[in-house]
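Please read the structure below before turning to the comments.
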Amino acid sequence: MIDMESHIKDLLSDAINSAVRNKDLVFPEGLEIILERPRREGQGDYATNVAMLIARHWGMKPRDAAEIIKAHLGQSEYVEKVEVAGPGFINFFLSDEWLTGVIKDILAKGPDYGKSDIGRGKKAQVEFVSANPTGPLHIGHGRGAAVGDATASILSFAGWYVEREYYINDVGLQTKILGRSVQSRYFELLGKPEHAPFPEDGYKGDYIYKIAEEIIAEEGDKFFSLPTEETLDYFRDYALEVILNEIKKDLEDFRVNFDVWFSEKSLHERGLIDEMVDFLTRRGLAYEKDGALWYKSTLFGDEKDRVLIKSNGEPTYFASDVAYHKDKFDRGFDLVIDVWGADHHGYVPRMKAAVQALGKSPDALQILLIQFVSLIKGGKLVPMSTRAGQFVTLREMMDEVGVDAMRYFFLMRKCDSHLDFDIDLAKSASTDNPVYYVQYASARIHSIFKEAASRGVAVVDPEKVELSMLSTEEEKALIKCLARFPEEIKKAANDLAPHILIYYVYDLAKAFHSFYNAHRVLGEENSLTNARLTLVRAVKVVLLNILHLLKINAPEVM
RNA sequence: GGGCCUGUAGCUCAGUAGGAUAGAGCGACGGCCUCCUAAGCCGUAGGUCGCCGGUUCGAGUCCGGCCAGGCCCGCCA
């Protein structure tokens, strides 16, 4: 099966070239032929505005240029008709041969249908979630997890080599506060709260008590006799490990698996921060002022220079991050994608500036900012505040609404749009719920095959099926929808935008449901039943490919 | 004060490098199961794309200025 888009582009550029020769015209410098898919019926399957772009160079009206190009177009068995329309569009109507070719192509490729090679095997890394291991994941992390994971899957499907990575902030002030919080609860539970007062900005959640209880169960009161400063590291390390394990389990149950768990501590232990500082200093990109070491990020568009090493000798969080990103690029990634909460957006310019200091294009780092999620329950906003320890955890949500609905809802919107997550809607087994709508298509397809088997209708080799019998409006619309999948993958990969696939899979389910309601697959005359059954097989392939990619279940029965 | 994101139908949102008559879902209204799952389908209504100006053959899309909402602006992490 040929790539229809490039086929039509070839036809067009050949036509323009021969028009240029015949009519003694010029071929405009840098002209690029763009195809689009017209929204409206009657405007063909593909359209181009190239005549409108070229008209000025040829000194004629757009429609006249379009007619000249059309007159020079070569024949193609896949193109049924070409029309000049509107202000000067050239519309291509594809033939029935093309439609049947789509179905055969899908069934031949199966799970590979829709794959692309636009990544050309280059290395991409997606770093996401990376929540501090100081407490359980909440729903905001869930959205980042879904978006990061789906983005990675899409890139992989589009021909990139992809790794998923989680950055563990296992050093620094927050971990110390965590340690103090647990230590304090430990003494509190043992009736000696005065030994270690609860820190002012400590972690107040119940999980801190649980960890303290575990320690009591394992170690009893053995820390009574030791100075609290000496045992702090124990409490901190213990808590970090417990919490990180919970995070890992939450993510696994959310169907996210990381290739690399990268410890910030290891950056320090391997001396990578000093190495980075040397690197910048040697290049004249760092200077001392007020006893601190500063990075000249203003050279690369940041609004002010940033401190790398504080006057007390400690590196800033930013320094760790620069060293971390240097390490990412040192590991050979061509594209590094960071998924951050949108509240970190002010951090983007300095990170981009850092990437340039490392000698990379700022585009080698792409940052996806994940906007906040508002939970709606009973039509009302669920109040949430991390500071007050009042938040809904990822685990609670998974238990309440299920992973399929969560992943679908988190992927449903552009990641930089606020998301209203309607819990009642996500849970409802009703027509309103888009997850069920899409999954219902899967269940119906399975039901057709089950019924076919019980009626003794065999699956026939697509080459031996009269696919030309698929001639109704709904059938053609469904096939055209199937044919869009590879393009949707490319779009989603280029834009790092999983929501494109959610919109597409919804369209596909809609086209299928329309077909299903308008026509019967089984019980028709043999050749028609075979043709429709073959079409349904193709729908199943595409539907499953998408749902697998997004890690949403495709139930056989609902 | 500066910066980033958002502003499209009653609600929630799409909208391809600037293209043709503005797109879905929900909600509202009206139809469709003797039949492979009605968790479905079909139809109707609903819009000065926040406001004003500019760029051009053409602007929801690009530029400038306002307005509204959210977020950020530390030798915190």
Side-chain angles (χ1 to χ4, degrees), chain A residues 32 34-40 42-43 47 49 52-53 55-56 61-62 85-89 91 132 134 169 171-177 201 264 289-294 303-304 306-318 320-321 341-349 369 371-372 376 412-414 416-420 422 425 428-437 439-441 443-452 454-455 457 474 487-488 491 494-495 499-500 502-503 506-507 509-510 512-523 529 532-533 536 557-558:
Chain A
E32 206 185 330
I34 302 158
L35 288 185
E36 60 183 67
R37 288 183 164 277
R39 297 195 187 97
R40 203 163 292 279
Q43 295 177 344
N49 65 346
M52 291 185 272
L53 298 176
R56 155 179 353 178
K61 291 181 198 158
F89 287 100
N91 294 337
N132 286 346
T134 51
N169 298 105
V171 290
L173 186 63
Q174 296 307 317
T175 66
K176 219 171 241 177
I177 294 171
D201 43 4
E264 183 185 2
K289 193 183 93 181
D290 304 333
L293 187 73
W294 298 68
E303 59 187 12
K304 58 172 289 202
R306 306 292 172 176
V307 172
L308 291 167
I309 306 293
K310 298 185 258 183
S311 53
N312 67 6
E314 286 179 16
T316 58
Y317 184 84
F318 176 62
S320 295
D321 244 2
D343 52 332
H344 290 83
H345 64 80
Y347 210 67
V348 173
L369 296 173
Q371 274 291 359
F372 289 116
I376 311 287
M412 193 161 57
R413 302 282 176 242
K414 264 187 314 198
D416 51 8
S417 293
H418 292 263
L419 172 65
D420 279 353
D422 187 331
L425 177 61
S428 76
S430 80
T431 166
D432 318 357
N433 189 342
V435 193
Y436 278 69
Y437 183 86
Q439 292 185 318
Y440 190 49
R444 276 182 155 174
I445 289 169
H446 184 261
S447 172
I448 292 171
F449 288 121
K450 199 177 150 199
E451 181 64 19
S454 78
R455 295 190 195 182
V457 179
E474 291 83 6
E487 294 166 33
E488 300 290 335
K491 262 193 284 183
N494 282 331
D495 296 354
H499 77 275
I500 287 175
I502 291 286
Y503 275 85
Y506 192 92
D507 276 356
K510 185 183 172 72
F512 173 74
H513 287 311
S514 294
F515 158 78
Y516 183 93
N517 274 273
H519 309 289
R520 300 196 58 73
V521 175
L522 304 175
T529 283
R532 286 184 177 159
L533 208 50
V536 174
V557 179
M558 287 173 76

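Each chain gets a letter, A, B and so on, in the order its sequence line appears, and its residues count up from 1.
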Using atom [atom1] in both nucleotides, what's the gap between [N] and [M] to the nearest angstrom?
N       : M       : atom1 : result
rC26(B) : rC67(B) : C1'   : 29 Å
rC13(B) : rA77(B) : P     : 35 Å
rG47(B) : rA9(B)  : P     : 10 Å
rG50(B) : rC32(B) : P     : 40 Å
rG19(B) : rG58(B) : P     : 14 Å
rU21(B) : rC49(B) : C1'   : 15 Å
rA45(B) : rG30(B) : P     : 15 Å

Any base atoms under 4.0 Å from [X], or only sugar-phosphate, or nothing? Heavy atoms, all strands.
X       : value
K304(A) : sugar-phosphate
A47(A)  : base
N91(A)  : base
S311(A) : base
A85(A)  : base
H519(A) : base
R56(A)  : base
V557(A) : base
I34(A)  : base
D290(A) : base
Y516(A) : base

*asked:* For H513(A) and R444(A), which I'm curious about, is there any donor-acceptor pair between the side chains at under 3.5 Å?
replied: yes
*Exercise: do N132(A) and Q174(A) side chains pair donor with acceptor under 3.5 Å*: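 Side-chain D/A pair, N132(A) to Q174(A): absent.
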Euclidean distance, atom [atom1] of residue [X] to atom [atom2] of [N] [Å, nearest integer]:
X       : N       : atom1 : atom2 : answer
K61(A)  : rG19(B) : NZ    : P     : 24 Å
K289(A) : rG74(B) : NZ    : C1'   : 14 Å
L419(A) : rG70(B) : CG    : P     : 18 Å
R520(A) : rA38(B) : CZ    : C1'   : 13 Å
Y347(A) : rG74(B) : OH    : P     : 13 Å
D422(A) : rC13(B) : CG    : P     : 11 Å
F515(A) : rC42(B) : CZ    : P     : 13 Å
N49(A)  : rA59(B) : CG    : P     : 15 Å

*Any chance you could encode RNA chain B as dot-bracket? Rule is Watson-Crick or G-U wobble with both distances under 3.5 Å; [ ] for pairs crossing earlier ones, | for another strand.*
(((((((..((((.....[...)))).(((((.......))))).....(((((..]....))))))))))))....
*Which letter, B, S or -, goes with each nucleotide of nucleotides 21-30 of chain B from 5' to 3', with contact meaning a protein heavy atom under 4.0 Å?*
B-S-SSS---
*Could you write nucleotides 2-11 of chain B as a row of B, S and -, 5' to 3', where a protein heavy atom under 4.0 Å of any base atom gives B, of only sugar-phosphate atoms gives S, and otherwise -?*
-BBS------
*To the side chain of Y440(A), which of rA20(B), rG40(B), rC36(B) is closest?*
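Selected nucleotide: rG40(B).
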*To the side chain of H499(A), which of rA20(B), rA14(B), rC75(B) is closest?*
rA14(B)
_Aromatic ring pairing F512(A)/Y516(A), orientation class (parallel under 30°, perpendicular over 60°, tilted between)_ = tilted
_Ring geometry between Y317(A) and Y347(A) (parallel below 30°, tilted from 30 to 60°, perpendicular above 60°)_ = tilted
*Please report the closest heavy-atom contact between V457(A) and L533(A), naming both atoms and the distance.*
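Closest pair (atom of V457(A), atom of L533(A), distance): CG1-CD2, 3.8 Å.
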*Which pair of non-hydrogen atoms, one from F515(A) and one from E474(A), has the smallest distance, and what is that distance?*
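Closest approach of F515(A) to E474(A), heavy atoms only: CA-CB, 3.9 Å.
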*Rounded distance [0.5 Å steps], CG in D495(A) versus NZ in K414(A)*: 11.0 Å
*Would you kindly compare D495(A) and G86(A) by the position of their nearest RNA chain B nucleotide and give the one closer to the 5′ end?*
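This one resolves to D495(A).
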*Between V307(A) and M52(A), just flag the one whose closest nucleotide in RNA chain B comes earlier from the 5' side.*
M52(A)
Taking only the side-chain nitrogens and oxygens of [X], find out if one of them lies under 4.0 Å from OP1 or OP2 of [N].
X       : N       : result
R444(A) : rA38(B) : yes
S514(A) : rC42(B) : yes
K491(A) : rA14(B) : no

_Taking the basic N atoms (NZ, or NE/NH1/NH2) and the acidic carboxylate oxygens, is any pair closer than 4.0 Å for R455(A) and E451(A)?_
yes
*asked:* Closer than 3.5 angstrom, by distance alone: can the side chain of N91(A) be matched with the main-chain N or O of A47(A) as a donor-acceptor pair?
replied: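 Such a contact is absent between N91(A) side chain and A47(A) backbone.
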_Aro-ring/base stack F372(A)-rG70(B), d under 5.5 Å, angle under 30°_ =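 A stacking contact does not exist, since F372(A) is not both close and nearly parallel to the base ring of rG70(B).
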_Taking syn as a glycosidic torsion within 90° of 0 and anything else as anti, which one is rC26(B)?_
anti
